[in-house]
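As structure tokens, the structure follows; a few thoughts come after it.
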Amino acid sequence: MALLHHYSTSTCYTISMHPMLQMVWRIRVPQVGFSFHFVLRAILALAALHLAHLKPENRAHYVAEAEFHHNMALQMASAVLSNITEENAPAIYLFSTLTSIISCAKPRLPDDCWMIGDRDIEWLTLFRGTWFIIESAENAIKTSVLSPIFINGIRRRRAREAKSTTNMSFLDDLRRLLKETVMDAKELACYLDAVDEMSKSFATIADVGPDNCQTADVFVWILETSEDYLRLLRERKPEALVIFSYFCVITKALEWAWWMQGLSTHLIEGIYRQLSEEHRCWLQWPMEQLGWIPRDLTFNHVQLG
């Protein structure tokens, strides 16, 4: 009850800054949770992680609470994920979205980023998975109590497509580097398409400003980029990692949300560790935008000073 109260009075307002969507997360999402308990458990898990963020002195306790409730939710959801119907589709979509946010909010291991499996980018796969759930039962989800989320998303996407993507010299430089080093024509086309999609996201943030940036403005790139690019990213291809470092700059615009704070620098640190000295030079622009300096360079600077 305490976790549900915290969600309803605090956490629900941290998922979106849009008043209409805050109402959906505060009122309608718990209502769905009362009918589908895997959604309710996910709500409790997110609230526990929020309390862990707000009360660091009790962090271990709340993180354990979050893990307990989310594990319960995963067990419950596994029984229905293979059978999406018009009745349960909105709940499955909500559970997928909440799980994506929970993945971003989980405590991060600073010395293990990108070193073991894909834990640090599992949220990327999860957010992309929400799109496949929508495609499975699009009408049922978009006409449900969650319809305001999709109405807002459609508006933001249309506005994004209308943005001018000219005068982005930093992306022009990236494209030139890719063309000079990637010999495989198919792979190069994949990278250039990913950069072109990203240019729309940069244009959107430049237009609305980071203070008005919504989750849809950032995560739409994950939905629009190709599966081939994501495969290359999971394979730790240097060029794919460099492109993703530019996306880290975009994610920083969502750091008004506690569950996104520090994620951009955490990810770029992991990318830096994965790259050779040649490709590390490609990270200079995103590093400068994020204000992040590798620890080894910081140490050298202190020693020299």
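Note: hydrogens, waters and symmetry copies are ignored here, and every other heavy atom, side chains too, is used. Since the structure is predicted, the reported quantities are computational estimates derived from the model, not experimental observations.
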Take S199 and R175 through the side chain to side chain contact (heavy atoms under 4.5 Å, CB included) test and state the conclusion after the steps.
CA-CA 11 Å; S199 69; R175 291 186 185 97; 4.2 Å; yes
Let me see the working for I15 and L46 under side chain to side chain contact (heavy atoms under 4.5 Å, CB included), right down to the final yes or no.
CA-CA 10 Å; I15 300 173; L46 183 60; 4.0 Å; yes
From CA spacing to verdict: side chain to side chain contact (heavy atoms under 4.5 Å, CB included), I43, L98:
CA-CA 7 Å; I43 288 172; L98 285 164; 4.0 Å; yes
Run E187 and K237 through side chain to side chain contact (heavy atoms under 4.5 Å, CB included) and show every step you take.
CA-CA 10 Å; E187 187 175 333; K237 290 283 189 176; 4.3 Å; yes
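With salt bridges taken as basic N to acidic carboxylate O contacts below 4.0 Å, one links R273 and E269. Comment: R231 does not engage E227 in a salt bridge, judged by the lack of any side-chain N to carboxylate O separation of less than 4.0 angstrom.
Considering all non-hydrogen atoms of both residues, L81 and I84 come closest at O-CG1, 3.7 Å. Taking all atoms of both residues into account, the shortest heavy-atom contact from A91 to V39 is O-CG2, 3.3 Å. The minimum heavy-atom distance linking W259 with R108 is given by the pair O-NH2, 3.5 Å. When all heavy atoms of I268 and C248 are compared, the pair lying nearest together is N-SG, 4.2 Å. Closest heavy-atom contact between L275 and R280: O-NE, 3.2 Å. The two residues K142 and S147 have their closest heavy-atom pair at O-CB, 3.2 Å.
Hydrophobic clustering (side-chain heavy atoms under 4.5 Å, transitive across Ile, Leu, Val, Met, Phe, Trp, Tyr) groups L40 together with F68. A chain of hydrophobic side-chain contacts below 4.5 Å, direct or via other Ile, Leu, Val, Met, Phe, Trp or Tyr residues, connects F150 to M20. Under a hydrophobic clustering in which Ile, Leu, Val, Met, Phe, Trp and Tyr are joined whenever their side-chain heavy atoms come within less than 4.5 Å, directly or via other members, V208 and M198 fall into different clusters. Grouping the Ile, Leu, Val, Met, Phe, Trp and Tyr side chains by contacts below 4.5 angstrom, directly or via other members, places F247 apart from V220. Linking ILVMFWY residues whenever their side-chain heavy atoms come closer than 4.5 Å, directly or via other members, places M23 and F34 in the same cluster.
Sorted by first and then second residue, the side-chain hydrogen bond (donor to acceptor under 3.5 Å, both in side chains) pairs involving residues 70-83 (not counting sequence neighbours) are H70-T99. Judged as a side-chain hydrogen bond (donor to acceptor under 3.5 Å, both in side chains), the pairs with a partner in residues 24-36 (not counting sequence neighbours) are, in order, Y13-R26.
At least one side-chain heavy atom of V24 sits less than 4.5 Å from a side-chain heavy atom of V29. Considering only heavy atoms from C-beta on, S226 comes within 4.5 Å of C190 through its side chain. Taking 4.5 Å as the limit, every side-chain heavy atom of F36 sits out of range of all side-chain heavy atoms of L94. With contacts defined as side-chain heavy-atom distances shorter than 4.5 Å, the pair F38/L74 does not qualify. In this structure, the side chains of D173 and Q284 stay at 4.5 Å or more apart for every pair of heavy atoms.
E65 CD to N58 CG: the interatomic distance, rounded to the nearest 0.5 Å, is 11.0 Å. For the atom pair L241 CG and H279 NE2, the distance stands at 9.5 Å (nearest 0.5 Å). One finds the SG atom of C12 at 8.0 Å from the CD1 atom of I27 (value rounded to the nearest 0.5 Å). The distance from the CG atom of L263 to the CG atom of L254 is 10.0 Å, given to the nearest 0.5 Å. Expressed to the nearest 0.5 Å, how far CZ of R41 lies from NE2 of H37 amounts to 9.0 Å. Atoms OG1 and CD1, from T251 and I222 in turn, are 9.0 Å apart once rounded to the nearest 0.5 Å.
Panel note: side chain S96, backbone I92; no donor-acceptor pair is recorded below 3.5 Å. At least one donor-acceptor pair closer than 3.5 Å links the side chain of W256 to the backbone N or O of C213.
When the shell of 6.0 Å around CZ of R59 is examined, it contains 12 or fewer heavy atoms from other residues, nucleotides or ligands. Applying the 6.0 Å contact sphere to CD of E288 captures more than 12 heavy atoms from other residues, nucleotides or ligands. No more than 12 heavy atoms of other residues, nucleotides or ligands shown are found within 6.0 angstrom of CG on N167.
With sequence neighbours excluded, no residue forms a salt bridge (charged side-chain N to carboxylate O under 4.0 Å, His left out) with R158. Evaluation of the salt bridge (charged side-chain N to carboxylate O under 4.0 Å, His left out) rule for D193 yields no partner, not counting sequence neighbours. L178 pairs by the side chain to side chain contact (heavy atoms under 4.5 Å, CB included) definition with L174, V182, L188, Y191, L192, V195, E239, I243, W282, not counting sequence neighbours. Residues satisfying the side chain to side chain contact (heavy atoms under 4.5 Å, CB included) criterion with A47, sequence neighbours excluded, are L3, H6, Y7, T11.
Below 30°, between 30° and 60°, or above 60°: for Y246 and F170 the angle between ring planes is below 30°, a parallel geometry. Aromatic ring pairs are classed by plane angle as parallel below 30°, tilted from 30° to 60° and perpendicular above 60°; the pair H50 and H53 is parallel.
Of the N and O atoms on the side chains of S201 and W221, not one donor lies less than 3.5 Å from an acceptor on the other residue.
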